[in-house]
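Read through the structure below, which is laid out as structure tokens, and then see the notes.
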2 protein chains.
Amino acid sequence: MMENSKEVTIYDIAQRLDLSPSTVSKALNDDPTISKKTRKRITETAAGMGYRSNFFAKNLRQQSTLTIGVIVHELNSGFTTPVLSGIEGAASEGGYGMIVADSAGSREKEVDNARSFFQRRVDGVIAVPGAGSLEHFRPFTDRGVPLVFLDRADSFAGSTSVVADNVACGMMATLHLIEQGCRRIVHLTPGAGDNVYGQRYEGYWKALARKKIAAEKSLLIIAEPTEEASEAAARKILALTPVPDAVFAANDMAAAVCIRVFQERGLRVPQDIAVVGFGNEIIGKLMRPTLTTINYPAKEMGDTAARILINHLQGNGEIDKVTTTSMRAELVVRQSSLRKG
Amino acid sequence: MMENSKEVTIYDIAQRLDLSPSTVSKALNDDPTISKKTRKRITETAAGMGYRSNFFAKNLRQQSTLTIGVIVHELNSGFTTPVLSGIEGAASEGGYGMIVADSAGSREKEVDNARSFFQRRVDGVIAVPGAGSLEHFRPFTDRGVPLVFLDRADSFAGSTSVVADNVACGMMATLHLIEQGCRRIVHLTPGAGDNVYGQRYEGYWKALARKKIAAEKSLLIIAEPTEEASEAAARKILALTPVPDAVFAANDMAAAVCIRVFQERGLRVPQDIAVVGFGNEIIGKLMRPTLTTINYPAKEMGDTAARILINHLQGNGEIDKVTTTSMRAELVVRQSSLRKG
DNA sequence: ATGAAAGCGCTAACAG
DNA sequence: CTGTTAGCGCTTTCAT
């Protein structure tokens, strides 16, 4: 095993070429005050000697880590994956590394992760927080470390948010169903609290209100986004009287399960009951009928959040001016809701 | 905006308490030679002053970054997500951060990412490489930076691999179909080269050989894992004469598309044609018939890779002894293949 | 039990 | 165009 044959430093290079370390440093950083010729000599011997700059010595001087920290409340999810992909793309393009911490649904871990990133001195933070207070992020804002929240729009001390317009999403889906002639529209959601789900629900009833349709409390059905709970919810929906003529589900999996249960009970989708999902998961294209759904711009949100952060870090200080960036989602109309034309 | 009100250093703490910086340093690192009383005084004022240790000064001294680099060839994928989740869990448990770089299918980016991590001096690397040479990882092995490959078993200079036993997977799936009475079994795969797909194919024909069934070349169908290509492949399968009585697809999406096409053509699954997928994606539980598939232990693989790496970094040098860790995958039998009992 | 001093590798004034 | 010098904040002998 070839072991660490000792790291090469700029001193080694300087000695070898009979130059000073600072000359070497400048040359390696493309300082224009170094003659082309020496610069070339230096870069070449550096490469030859297997030199790599010491990231930490550099950071120690420059007080910057070229690293952005990403805290997600659930890494293993269909939303988080494209978000990370979007962030990574923009970050690496801007010369930043992305360090990821997963809170795995635990608030305690989220607090820990914030602390850990603070210690690590990331240059900026993007967080997809779970529910609850955001106070554990205060050290960042206090120290001027820029902070962007994703998918959560609470205003929080000097921070910025990137969200999809969930109210608009809910409205779009519901209006579409109304246009298709539906009147008794169920909203199936994991919860209608103070978060994206609540906003989708708000969009739902705003759409009903606009069309002068009374919102019935019994048409709001709460169910965890698991297969079992969704099945139970579907049965609950069929037990309502009169039977609803549409379901707007807050995620595609729940919508798919509902459709299956409806079909097994002999109902036709969309003729007897129309269904709209949320999230544009791959399953929506594979099932029959294909699923009408909201295309949630997760990757674009990640990309945007990273760009805002990096622009700010590079001194194009958007972050102080923009408070919330709302990304446009779109309705993807497929078979499960099309009752006309 | 509260701006950087100047970072607190151990010197500030020392001055405030009329102690020396080294005492403060030791106290903060729980050095037992510092009396309990002073230690307490120090930790308390440190907290009070909002001190955070300077990660970089620390690293500069200790020549370690407490960071492991993860290079994936495709971040936005159903395999990578649980892998990252597994790595993150083990890493954070061991006190390490995880920095992620996505090669997004580009070899060039993969090479860049390797270089970038080398510069950043990650303590260790986990790579899920694409196809092709692994030479760009040589700097790590040369410098004694431990390196673990995931889902790819090439032996490479002093590195270690964590894989699922893909040959066994292919064999398991195929034997199961044979036991169900199938004889003309198609293997549908994105390619049977020198990678996991090739190994699954190897398992397929080994199973056939063991059962004395002739492997026909026409039963190997190559198709990209997209919806369109899978549909075309399904039609191709139905055009074979005699029509096959089973399909073993190398991913669940392709299997789902096949089943849909078969059903649309009036075939019954599994009675007329049985189908086994690969990957245990969520869709397999939602569709009808439910999909028999291989449960690929992605998260466990990530977890294992990270543990091996971290054990090594902490001096429990497994990495030199273990060359390849093969994780057990399992067959999940559901409706799409069950023709007996 | 505490302190003094050296140095990790690099950069940025400033001087030549 | 190149060199000198002085730290960045921390840890770690070695003294006391």
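Below, read A as the first sequence line, B as the second, and so on, with proteins coming before strands; counting in each chain starts at 1.
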Using only atom types and a distance under 3.5 Å, with no angle test, would you say the side chain of [X] pairs donor to acceptor with the backbone of [Y]?
| X | Y | result |
| --- | --- | --- |
| E88(A) | D102(B) | yes |
| N29(A) | D31(A) | no |
| D123(B) | L66(B) | yes |

Of the nucleotides [options], which has the atom closest to the [X] side chain?
| X | options | result |
| --- | --- | --- |
| S20(B) | dT2(D), dG3(C), dA12(C) | dG3(C) |
| I34(A) | dT2(C), dT12(D), dT2(D) | dT2(D) |
| I10(B) | dG9(D), dG7(D), dC10(D) | dC10(D) |
| N54(B) | dC10(C), dC10(D), dT2(D) | dC10(D) |
| T38(B) | dT2(C), dG9(C), dG7(C) | dT2(C) |
| S22(A) | dG3(D), dG9(C), dT11(D) | dG3(D) |
| L19(A) | dC8(C), dT11(D), dG3(D) | dG3(D) |
| S25(B) | dT11(D), dA4(C), dT11(C) | dT11(D) |

Exercise. Any luck finding a side-chain donor-acceptor pair between S22(A) and S25(A) under 3.5 Å?
Worked result: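 Their side chains do not contain a donor-acceptor pair, so the 3.5 Å distance test is not met.
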Once you round it to whole Å, what is the distance between [atom2] of [N] and [atom1] of [X]?
| X | N | atom1 | atom2 | answer |
| --- | --- | --- | --- | --- |
| D18(A) | dT2(D) | CG | C1' | 12 Å |
| Q62(A) | dC8(D) | CD | P | 15 Å |
| R52(A) | dC8(C) | CZ | C1' | 15 Å |
| L60(B) | dT11(C) | CG | P | 12 Å |
| R61(A) | dT11(C) | CZ | P | 8 Å |
| N29(A) | dG9(C) | CG | C1' | 13 Å |
| L28(B) | dT11(D) | CG | P | 8 Å |
| D12(B) | dG9(D) | CG | P | 9 Å |

Exercise. Could R307(B) and D303(B) be called an ion pair, given the rule that one side-chain N must be under 4.0 Å from one carboxylate O?
Worked result: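 Salt bridge between R307(B) and D303(B), a charged N being under 4.0 Å from a carboxylate O: yes.
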Exercise. Regarding R52(B) and the six-membered ring of F118(A), is the cationic atom NZ or CZ under 6.0 Å from the ring centre and inside 45° of its axis?
Worked result: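 Yes, R52(B) and F118(A) form such a contact.
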For this session: Please tell me which of S53(B) and K26(B) maps to the more 5' nucleotide of DNA chain D, matching each residue to the nucleotide holding its nearest heavy atom.
Result: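 Counting from the 5' end, the first nearest nucleotide belongs to S53(B).
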Exercise. For P21(A) and F56(B), take the nucleotide of DNA chain D holding the closest heavy atom to each; which residue's nucleotide lies nearer the 5' end?
Worked result: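 That would be P21(A).
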Would you indicate, yes or no, if [N] has its OP1 or OP2 atom less than 4.0 angstrom from a side-chain nitrogen or oxygen of [X]?
| X | N | value |
| --- | --- | --- |
| K58(B) | dG9(D) | no |
| S35(B) | dT2(C) | yes |
| Y51(B) | dC10(D) | yes |
| Q63(B) | dG9(C) | yes |

Under 4.0 Å, counting only non-hydrogen atoms across every strand here, what does [X] touch: a base, just sugar-phosphate, or nothing?
| X | answer |
| --- | --- |
| F55(A) | nothing |
| T33(A) | base |
| N59(B) | nothing |

Problem set entry | Distance-only donor-acceptor test, Y11(B) side-chain atoms vs dC10(D) base atoms, 3.5 Å |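 Indeed, a donor on one side and an acceptor on the other fall under 3.5 Å apart.
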For this session: Using the closest heavy atom to pick a nucleotide of DNA chain C for each, name whichever of R121(B) or T23(B) lands nearer the 5' end.
Result: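 Here T23(B) is the residue nearer the 5' end.
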For this session: From the options V162(B), T304(B), V163(B), V72(B), select the one residue that forms a side chain to side chain contact (heavy atoms under 4.5 Å, CB included) with L150(B).
Result: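 Between L150(B) and the candidates, side chain to side chain contact (heavy atoms under 4.5 Å, CB included) is satisfied uniquely by V162(B).
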